[in-house]
Each structure stands twice: as C-alpha cells, then as structure tokens.
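Inspection log for the structure reproduced underneath, given as structure tokens.
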Protein chains: 4
Amino acid sequence: MSQVQVDKWNMILDAAYELFGANGFYETKMSDIAERAGIAKGTLYLYFSSKEQLFTAMTKRDFEQFLERLTDGLQQSESLKDRLSVVASHHLGYFYERRDYTKLFFMMPNNDPEMLQEIQSFIMQYIRILATMLEGDGFREAKLLAKSFVGILDMMKMDILFDPSFQEEDVSQRVVFATDLFMNGCMHQK
Amino acid sequence: MSQVQVDKWNMILDAAYELFGANGFYETKMSDIAERAGIAKGTLYLYFSSKEQLFTAMTKRDFEQFLERLTDGLQQSESLKDRLSVVASHHLGYFYERRDYTKLFFMMPNNDPEMLQEIQSFIMQYIRILATMLEGDGFREAKLLAKSFVGILDMMKMDILFDPSFQEEDVSQRVVFATDLFMNGCMHQK
Amino acid sequence: MSQVQVDKWNMILDAAYELFGANGFYETKMSDIAERAGIAKGTLYLYFSSKEQLFTAMTKRDFEQFLERLTDGLQQSESLKDRLSVVASHHLGYFYERRDYTKLFFMMPNNDPEMLQEIQSFIMQYIRILATMLEGDGFREAKLLAKSFVGILDMMKMDILFDPSFQEEDVSQRVVFATDLFMNGCMHQK
Amino acid sequence: MSQVQVDKWNMILDAAYELFGANGFYETKMSDIAERAGIAKGTLYLYFSSKEQLFTAMTKRDFEQFLERLTDGLQQSESLKDRLSVVASHHLGYFYERRDYTKLFFMMPNNDPEMLQEIQSFIMQYIRILATMLEGDGFREAKLLAKSFVGILDMMKMDILFDPSFQEEDVSQRVVFATDLFMNGCMHQK
DNA sequence: AATGAATGAGAATTCATTCAT
DNA sequence: TATGAATGAATTCTCATTCAT
C-alpha cells in the first residue's frame, strides 16, 4: 500500500469510528461512511471486503492503540501502585475521551466470528499485561486479580458514559478509589 | 388481562428469550418468534407494539426476576460476608445458567431509549441494594464499593460465557475469590 | 392455494411472460413485473422465491401448455401426414403467436440448473411424442427422425421471429414444405 | 494496427471466448477477461469500446472462421452428397469441439442490435452458401431446403452439448443420418 | 500505449408491520 | 381475539467504465 492508500485507509477507519460509535453497527450505512470519508461507495470495497470486516478492522486499530499506549504509559512508572494508577487512568481516560461514542461499547455485529476473535484476543492481551505485572510483584492468582481490577474499572465506564454530570476531575477520583480498593484487597493475596 | 392472555404473554416472552438469546436482536425475526410461540405473526402485535418493545419487555421480566431472587436470597443471610457470597453466587450463577444465550449480553437494539432506560434502572436498583447493605455495615462510599463489586463479578462472566472448559464448580471458586478480594479491599474503607 | 391465490399466481406469470419476453431475463426488473401484475414487490416473493425461480415457473407453464395442446391436436388426426402437419402447424404457430416475445427464445438465466433441467425435460417429452408416433408407423431410428423434424421446424422460427414481412399465410406454406420434405426423406428409412 | 496490437487483439478475443463460453455473457467480468489476457482492465477499452462490443467482435471472428473453413472444405468435394457431408461434418464438428463452451450458444447480450445483426448476417451467409450449392444442382426452393438442412444439424447440437455420453464417433453417424435423410427428402423437390 | 484506483448507478431481497377477514 | 397475505421501505455490494498518471 502506498502512503496515499494508507492515508485513505485511515480516513475510512476514522469515518467508520465516528459513525459506528455514534449510531451503532446496524444503524450505520456504508454510504454514510463513504460520504464522511469523502470517497465513493465503491471505493470502500477496495479497502474492506464487507461492512463487518470494516467494523472489525476499525475495532482492531482501536484495540491496538489502546494496548500500545498502555504499554508506553507503564514504562515510566516503577511501584505497583503507580502502575495500577496508570492502568486505571488509561482505562477510564479512554472511555472519557470516547463518551460520545457509547454505541461502540454496546453494539457490534452479531455473528461475525472474526470480530469475536478480535475481542477475546484483546481482553487476553490486556489481562496478560496486568497479570505479568502482578506476578512480578509476587502475587498468587495474578490472572484472576487482573480480571478483577479490569472489572472494577469497566463498571465505572457506565457512569462515565451515561452520567451527564460526570466531569473530567471525577476520573481522577475514581482512579484513586479503584487503585486503593484493589491494592488493599490484594495485600492479603500474597 | 385474563389468565389465558397472561399465559400467552409469557409464552411469547419465553420464545423471544430463546431466540434473541441464541441469535441476537437483529438476527431474530418476528415470524420466528411467532412460530416458536405457536401463534400467528399478527397476534404478536396484539401483545407488543414493536420488536423493540418486545425485546424490552423480555429484558425487563428477566431483570425483575434477577432482583427478586437476589432479595430473597439475601433475606436468609446475616453477616456481610455471607451476603456478599449470596450476591456473587447469584450473579455468576445467573450467567452460568444462561451461558447458551450469550447474544443477550452483547446484542441489543441500538437506538431504543426505553431499552437504555431499562438497563440503567436495573443497574441502579442492583447497586442500591448492595450499597444499602454496605452502608448498614458502616462503609463510606458505599455506592462506589457496590459498583466495584459488581464490576469484579461482571468481568468474570466473560470466562463463564466464552471459556468452554468452565465448569459449575469453577463458579464457587470465583465466588470465594471475589468475595475475599472485595472484603479485604473494603476493610480499609470504613 | 385458494382460487384467489391461483389467479394471482397466473397473473404474475402473465406479467413475467410479457416482460421477460420483450426484454429478456437480465433486462427485466422484479419491480417491473410486480407493477405490471398490479401487486407489491414483496408479494412476488410470497409466490416465487427468486427471479430465477419465477422465470423457470413461467417457462414450465408455457412448455406444459405447448405439449398439452399438441397432444390435443394430434388426437383428431389419423394419417401420419396429417399428424406431421399438426405438429408443424402447432410448432410454427406457437412462434408466430409469440413473435413479439423474441427474447424468450434467446435469453434465459445462465447458471440455473433447474431451468436447464426444465428445458431438457421439455425437449425429451416433445421428441418422445413424435418418436412414438413414427415408431407406430414402422420407422427405424424414430428418435433421430423426430429430432430432425423438430430441427427443421425450429430453424424456421428464425424467419418468423426476425423477418418483419413474414405473414400468417407464410406459416401454412412452411408447414406444407416441412412436412413434405420430411415425409419424402423418411420413406427410405422404413 | 501493428502486429503487436493485432496479437494483443487476438489474445483478448481468445480470453473472452473461453470465459464467455464457459460462464456466459452476464456472468463474465471484464476484469476476468483482462486478467486472463494478461493485460490491465483499462487496456481492454483501448481495443473494444464496451463489453457488448467485445462479445460481438469475438462472435464475429468465430463466425468468419466458421464460414471460411466451410468454404475451404467444400472446395475439395464434387458431388452434392459429398458436399452435404462436408457441411454436416463441419457443423457438428464445430459444436463437438466447443462442447465445453455451451454458454456461448444460449447466452448472449440481450439488447445489443449489433449482435443481433451479426447473427442474422451469419445465418444469411451460411444459408446462401448452401442454397447456391443446391440451386446449382437444380433444386427449387433452395433457400428453404438449406434452412431445413441447417435446422436438422442444429437440433443435433443439443445431444452433442448436453449428452455426456456423446462420443466423437457418434458425430459421423449423425452426419450420415442427416445427409441421407435430407438427400432423400430433396429428391422429390427437383 | 498501458495502467488500475476510483467511481456510482443499479437491483434483488428481506422483514417489520398492517388490516381485511 | 386471531390470522396471515400483502406491503414497500430500505441497504449492501457489484462491476462496467473512466481518467490521471
């Protein structure tokens, strides 16, 4: 792919992100995406073979970015507590930034095995990063602990996405809360 | 509604539950539901005004049952730990029983405000029950704690729904794990 | 099927006949057929599962009528020559009546096995009727003779369909010509 | 056109022949033809202005070859019977060689006047060759006789194309059969 | 002359919903 | 109250053709 093509590829994914995110998979038309990306309908199909595949590609790009940034963020912190804060901050920040794209997290194409595969792979990688971190600090049942922490964070997305009075500063409070709760809970797990 | 009508109403909801659960909202046809319920397509519309409304009604019935049983279960236990175990057991058991209806938890109609309203209302009630419980035991930030506990439990549904090797006895282990982790974490919150 | 439904079924086939006949399979839209039949597009699909199936059904009805009328016509004649005249007359008359539906005989859906099956079955039946007739009169190689006669007649359809100056009285001349030629040719085949 | 261009022109026609023949006009894509011919899609349009025109050109080349070879074959034979055998042999041999390209004879673009014109012109020339031959031998109604002979032969293509058990030696039998039948039939026409 | 990326018109089919019986 | 035949809006994807390079 030439640079021009890579750019176009990304423009399509950007357009798809906004429309799928705002309206959901089934409520978004391919023609809308094409229009928003500034290209013809047919061109979409030069880059993605179907609507499902476009959605999956879009999600994959987002997942990869999420994990990349997480890994970057973790490099700068040393203590477990700091690292957990980074994770929490990154997780909640992610949803805060995307609070206008709620549909992304509740609607996805139904029977697409590639999409399911992508989601499962993402969760596995995410959990593995955390679990490795916890194991390094001597915790038993690191994987279950990792899932629990992610669970705590993920439940908080509900407020972020649906509570209109939720402010940016509330994010930091939640970060502290989740990290403390989890750290305390963990201590007995060693 | 006469008893006959109530029965028919429930039969439709049963049929809808199985089909929506197995195939998702968009992949389920009203005609399939009618057939499974043993009635004519048109009759569906005597009981529910639209596909969305049928889905919402079905979900609502399920939510209500969930909360009802939870409340019943909590009546028999005294200590906080016992009660948390009941909650965890109920939450994870619910998903274990429904592990063949995965689509229910990932596919729902997109732009239906009544459905969103129903979900939010359910979560609120669920959280309130837990929060009240925790407040009664003297915890600060009871609502956030409640959400965290639910978050931990809800993340575990991923394994239950998607890990084919997940057994019934694994459920109890998770119950213990989640309760312990949370209890320990909470202790410092008083 | 109720009488109303049978009538509607036939009306659709009539509409399909005219449009497919005038414009060909690929150039005819389902919506046009629906409009001509005075029903909604969706209704078409209550009677026929696809465009191909509609075309095949239409052809089948026509084939059956062709053979039925042929059999009827043959009942009234005794001598071989009379019978051959009836066949020729029926064959050429058929095309003369349909000279505005040329597309029917040159365009058909491509890869539809059911359609091919239908055509082959029709030819086989047509040939068998003639062959049986010839065998009854003591001819050897009756099947090949039958095919030859049909071949002679069928080549004449070209003039009927494409020569604008072809008149109804020309049909009778051709009938006489084809029958004589064939009879004379046959005589040595006994 | 330079020699290189003529070669390319023929290569395109070869590719078109195989694909149209195997799959039919509507089921063959221009891009497939380009790929098979080893050139780019756009290049096709430097040689042929449209898909229809490409099909027509391909058919025309085939028709011309057919008539050329027929004329060549007729030069070597003297008696009427020999000549008719040559015609029959050529006609049936043509279809036998092309028995894998059935679609060519049943699928063609529908509404292209140039194509229709080409077919009619071919038939006219074919018939004229035969008719001239028959007139030279003193037959009346030579044109109708010619058409009849072609009709007999053309009906036999059905078996050649669709009967999988049809062998090369069956071709010769048919040649003899058709020629005899026709000769006998003709005798009374003088 | 050759390329192939881009275009966009075009049509079959599905299915929620209605309403006459 | 129950039926199911009829409706028609709505959308994906294909592919012949163009044109900037």
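A note on names: the letters A, B, ... follow the listed sequences, proteins ahead of strands, and every chain is numbered from 1.
Contact between the side-chain N/O atoms of C:Lys8 and the OP1/OP2 oxygens of F:dA6 is found at a separation under 4.0 Å. Side-chain nitrogen and oxygen atoms of C:Thr43 include at least one within less than 4.0 Å of the OP1 or OP2 phosphate oxygen of F:dT7.
One interatomic measurement links the two molecules: CD1 of B:Ile12 to P of F:dA2, which rounds to 9 Å at whole-angstrom precision. Between the P atom of E:dT17 and the CD1 atom of B:Ile33 lies a distance of 11 Å, rounded to the nearest Å. Protein atom CE of A:Met1 is 17 Å distant from nucleotide atom P of E:dG4, rounded to whole Å. Counting to the nearest Å, the P atom of E:dA5 and the CH2 atom of A:Trp9 are 17 Å from each other. Rounded to a whole Å, the CD atom of D:Gln3 is 17 Å from the C1' atom of E:dA1. In this entry the distance linking OH of D:Tyr26 with C1' of E:dA11 reads 14 Å, nearest Å. If you take CG of C:Leu44 and C1' of F:dA5, they are 14 Å apart, rounded to a whole angstrom. Atom-to-atom, CE of D:Met30 to P of F:dT14 comes out at 19 Å; the value is rounded to the nearest Å.
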Test log, rule salt bridge (charged side-chain N to carboxylate O under 4.0 Å, His left out), inputs B:Lys8 and B:Asp14
CA-CA 10 Å; B:Lys8 201 168 277 189; B:Asp14 291 343; over 6 Å; no
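B:Ser2 comes within contact range of no nucleotide atom at all, as no heavy-atom separation falls under 4.0 Å. Residue contacts for C:Thr28: at a heavy-atom cut-off of 4.0 Å it reaches the sugar-phosphate backbone alone, with no base atom in range. In this structure, A:Ile39 reaches the sugar-phosphate backbone alone: every heavy-atom distance under 4.0 Å involves primed, P, OP1 or OP2 atoms, never a base. Across all strands shown, A:Phe48 has no heavy atoms under 4.0 Å from either base or sugar-phosphate atoms.
Atoms CG and CZ, from C:Leu161 and C:Arg99 in turn, are 10.0 Å apart once rounded to the nearest 0.5 Å. In this structure, CE in B:Met58 is found 10.5 Å from CZ in B:Phe48, a value given to the nearest 0.5 Å.
Pairs passing the side-chain hydrogen bond (donor to acceptor under 3.5 Å, both in side chains) check and including a residue from residues 35-49 of chain A, sequence neighbours excluded, read A:Glu18-A:Arg36, A:Ser49-A:Gln53.
Checking E:dT17, E:dG4, F:dT3 against every side-chain atom of B:Ala40, the shortest atom distance belongs to F:dT3. If you check F:dT12, F:dA2, E:dA2 against the side chain of D:Tyr47, the one that comes closest is E:dA2. Nearest to the side chain of A:Lys51, among F:dT7, E:dT17, F:dT12, sits F:dT12. Closest to the side chain of C:Lys29, out of E:dT7, F:dT3, E:dA11, is E:dA11.
Residues A:Glu27 and A:Phe20 have side chains not in contact (no heavy-atom distance under 4.5 Å, counting atoms from C-beta outward).
In terms of modelled atom types and a separation under 3.5 Å, the side chain of A:Glu97 and the main chain of A:Tyr94 share no donor-acceptor contact. No donor-acceptor distance shorter than 3.5 angstrom exists from the side chain of A:Ser121 to the backbone of A:Gln117, with no hydrogens or angles considered.
Nearest approach of C:Phe25 to C:Lys51, heavy atoms of both residues: O-NZ, 3.0 Å. The two residues A:Ile33 and A:Ile12 have their closest heavy-atom pair at CG2-O, 4.2 Å.
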Under 3.5 Å, which N/O atoms of the protein pair with N/O atoms of nucleotides 19-21 of chain F?
none

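The base of E:dT13 is paired with the side chain of C:Lys41 by a donor and an acceptor separated by under 3.5 Å.
Nearest-nucleotide mapping onto DNA chain E: of C:Ser50 and B:Ser31, the residue sitting toward the 5' end is C:Ser50.
You'll find the ring centres of D:Phe122 and D:Phe66 inside the 6.0 Å limit.
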Its dot-bracket string being built from Watson-Crick and G-U pairs below 3.5 Å, with | for another strand and [ ] for crossing, DNA chain F has the pattern .||||||||||||||||||||
